[in-house]
Amino acid sequence: MTNAAALPGQPRGGVLSGPATARAVNVLAPNASVMTLDGTNTWIVAEPDSDLAVVIDPGPLDDAHLANVVDTAEKAGRRIALTLLTHGHPDHAEGAGRFAELTGTRVRALDPALRLGDEGLAAGDVITTGGLELRVVPTPGHTADSLSFHLPADRAILTGDTVLGRGTTVVAHPDGRLGDYLDSLRRLRSLTVDDGVHTVLPGHGPVLEDAQGVVEFYLAHRAHRLAQVETAVENGHRSPAEVVAHVYADVDHSLWPAAELSVRAQLDYLGEHGLI
């Protein structure tokens with residue numbers, strides 16, 4: 001049996017749905033897959049003594065799941081007052097419109113196309129619904145519109161797909177860019193060092209207890225993969241498909257299409273920096 005404490009980020013064991021911190025509760029969507037791990041984590045965030053809650057990433061367009069999110073909040077004596085999106089991928093955002101109908105909430109996102117209401121989200125914004133303090137942190141790279149949300153009172157960060165609870169994420173080329181992603185990881189590392197963030201509440205997978213450890217792992221992993229891709233190109237593997245077959249030979253082949261997106265992003269990065 002693998003010791004969870006020895007894994008990157010020290011993933012928390014046990015059931016994924018339910019309370020994760022004093023202010024954050026997860027409702028796991030029933031959309032498990034190779035790409036979504038156990039399913040999408042829909043987060044309900046609220047001050048302990050507040051009757052208002054914020055939902056981050058309603059998830060897929062699944063009426064039973066969306067109703068379960070509302071029911072979970074109501075059983076805790078809370079009304080959902082605002083919906084936020086970490087990014088626009090369907091497993092996080094497709095249900096947002098229907099969820100807004102169910103709750104009467106606005107939907108705030110970085111991408112104007114995803115918003116319902118006049119307000120978007122931008123770096124430095126602070127959400128204060130029900131006395132909550134939730135700081136918007138831009139973390140592009142997985143996608144151009146990716147955001148994370150810093151929850152200072154719980155020393156936690158909600159990362160969407162920028163950091164996962166298990167494994168590593170895809171830089172979704174061409175929308176996602178590796179240079180942006182590396183900058184975002186460094187920004188998250190600064191939060192762990194300078195602002196005391198220690199808990200990662202990811203968009204998929206278990207809660208991580210060692211935020212700095214997992215971000216350092218992600219940075220090292222990206223550096224290692226980038227060196228492998230550079231070497232593969234030097235050895236004559238020119239196309240993204242050839243590089244994937246060489247570098248990701250030990251990875252489940254069902255993940256190769258996603259790996260090719262990251263490889264394309266890495267090839268762009270190497271070209272931009274004159275390394276290939």
Side-chain angles (χ1 to χ4, degrees), residues 16-31 36 39-139 143 145-154 156-162 201-204:
L16 295 180
S17 282
T21 67
R23 292 164 179 79
V25 174
N26 181 30
V27 182
L28 182 65
N31 62 333
T36 61
T40 301
N41 294 334
T42 294
W43 291 101
I44 302 172
V45 187
E47 280 297 300
D49 59 352
S50 176
D51 61 355
L52 299 179
V54 174
V55 163
I56 299 171
D57 290 350
L61 183 54
D62 181 309
D63 278 343
H65 170 64
L66 301 177
N68 188 26
V69 175
V70 174
D71 187 57
T72 300
E74 289 180 347
K75 285 181 177 177
R78 296 191 172 104
R79 176 177 65 84
I80 296 167
L82 179 64
T83 302
L84 307 177
L85 297 177
T86 62
H87 65 297
H89 279 168
D91 56 313
H92 293 258
E94 188 180 35
R98 175 61 177 150
F99 191 70
E101 292 176 359
L102 292 173
T103 59
T105 60
R106 295 166 294 147
V107 177
R108 296 181 64 181
L110 179 61
D111 184 349
L114 299 171
R115 301 172 190 166
L116 291 174
D118 296 330
E119 287 187 281
L121 291 170
D125 284 352
V126 180
I127 308 302
T128 57
T129 302
L132 191 69
E133 183 181 351
L134 200 61
R135 301 175 185 172
V136 178
V137 181
T139 47
T143 61
D145 70 330
S146 288
L147 299 171
S148 295
F149 298 97
H150 178 200
L151 184 57
D154 286 348
I157 186 86
L158 297 106
T159 54
D161 281 357
T162 299
L201 306 176
H204 303 279

**Student:** Between the side chain of Asp145 and the main-chain N/O of Gly88, is any donor-acceptor distance below 3.5 Å?
**Tutor:**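 It does hold such a pair.
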**Student:** Output a table of donor-acceptor pairs, distance under 3.5 Å, between side-chain atoms of residues 125-138 and any protein atom two or more places apart or on a different chain; print 'none' if there are none.
**Tutor:**
{"from": "Asp125", "atom 1": "OD2", "to": "Ala122", "atom 2": "N", "distance (Å)": "2.8"}
{"from": "Glu133", "atom 1": "OE2", "to": "Arg135", "atom 2": "NE", "distance (Å)": "2.7"}
{"from": "Glu133", "atom 1": "OE2", "to": "Arg135", "atom 2": "NH2", "distance (Å)": "2.7"}

**Student:** Can you name the nearest heavy-atom pair linking Pro60 to Ala29, along with the distance?
**Tutor:**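 For Pro60 and Ala29, the tightest heavy-atom pair comes out as CD-CB, 3.8 Å.
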**Student:** With Ala46, which residues qualify under side-chain contact (heavy atoms from CB on, under 4.5 Å), at least two apart?
**Tutor:**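 Per chain and number, Ala46 pairs via side-chain contact (heavy atoms from CB on, under 4.5 Å) with Ala53, Arg78.
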**Student:** Are the side chain of Ser146 and the backbone N or O of His87 linked by a donor-acceptor pair below 3.5 Å?
**Tutor:**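 Looks like no, no N/O pair under 3.5 Å.
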**Student:** Heavy atoms, side chains only, cut-off 4.5 Å: are Val107 and Leu85 in contact?
**Tutor:**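 With C-beta onward as the side chain, the pair touches.
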**Student:** Is the shortest heavy-atom distance from the side chain of Asp161 to the side chain of Thr86 under 4.5 Å?
**Tutor:**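 They are not in contact (no side-chain heavy atoms under 4.5 Å apart), so the answer is no.
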**Student:** Under the 3.5 angstrom rule, does the side chain of Arg115 hit a backbone N or O of Ala109 as a donor-acceptor pair?
**Tutor:**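 Checked: pair present.
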**Student:** Shortest non-hydrogen contact from Gly59 to Thr40?
**Tutor:**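 Looking at all heavy atoms of both residues, the closest pair is CA-CG2, 4.2 Å.
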**Student:** Quick one: pull up CG in Leu114 and CD in Glu94 and give me the separation to the nearest 0.5 Å.
**Tutor:**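 Answer for the CG-CD pair, Leu114 versus Glu94, is 11.5 Å.
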**Student:** Can a donor-acceptor pair be found between the side chains of His65 and Asn31 at a distance below 3.5 Å?
**Tutor:**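 Distance-only check fails for His65 and Asn31.
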**Student:** Under a 4.5 Å cut-off applied to non-hydrogen side-chain atoms, are Thr42 and Val55 in contact?
**Tutor:**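 Yes, at least one pair of side-chain atoms sits under 4.5 Å.
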**Student:** Examine distances only and state if a side-chain atom of Trp43 and a backbone atom of Pro202 form a donor-acceptor pair shorter than 3.5 Å.
**Tutor:**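 Confirmed, Trp43 side chain pairs with Pro202 backbone.
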**Student:** I'd like to check Arg79 versus Asp51 (side-chain heavy atoms, cut-off strictly below 4.5 Å). Are they in contact?
**Tutor:**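 In short, these two side chains do not touch, never coming nearer than 4.5 Å.
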**Student:** Is there a donor-acceptor contact under 3.5 Å from the side chain of Thr139 to the main chain of Thr162?
**Tutor:**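 Answer holds: no.
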**Student:** Nearest 0.5 Å, please: how far is CZ in Arg108 from CG in Asp118?
**Tutor:**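 Those atoms lie 11.0 Å apart.
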**Student:** Write down the atom of Asp154, the atom of Ala24, and the distance for their closest heavy-atom approach.
**Tutor:**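 Reported closest heavy-atom pair: OD2-N, 4.1 Å.
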**Student:** If every non-hydrogen atom of Gly160 is compared with every non-hydrogen atom of Asp57, which pair is closest and at what distance?
**Tutor:**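 Heavy atoms only, the tightest pair is CA-OD2, 4.5 Å.
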**Student:** Given 3.5 Å as the limit, does a donor-acceptor pair link the side chain of Asn41 with the main chain of Leu201, or not?
**Tutor:**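 Not at all, since once roles are kept as given, no pair shorter than 3.5 Å links the two residues.
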**Student:** Side chains of Phe149 and Leu121: does their closest heavy-atom pair fall under 4.5 Å?
**Tutor:**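 Phe149 vs Leu121: side chains touch.
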**Student:** Measure across His150 and Ala156 and return the closest heavy-atom pair with its distance rounded to 0.1 Å.
**Tutor:**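 The answer is CD2-O, 3.4 Å.
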**Student:** Which atom pairs, donor and acceptor, lie under 3.5 Å between side-chain atoms of residues 66-75 and protein residues at least two apart or in another chain?
**Tutor:**
{"from": "Asp71", "atom 1": "OD2", "to": "Lys75", "atom 2": "NZ", "distance (Å)": "3.2"}
{"from": "Thr72", "atom 1": "OG1", "to": "Asn68", "atom 2": "O", "distance (Å)": "2.7"}

**Student:** For the CG atom of Leu61 and the CG atom of Asp91, what is their distance to the nearest 0.5 Å?
**Tutor:**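 These two atoms lie 13.0 Å from each other.
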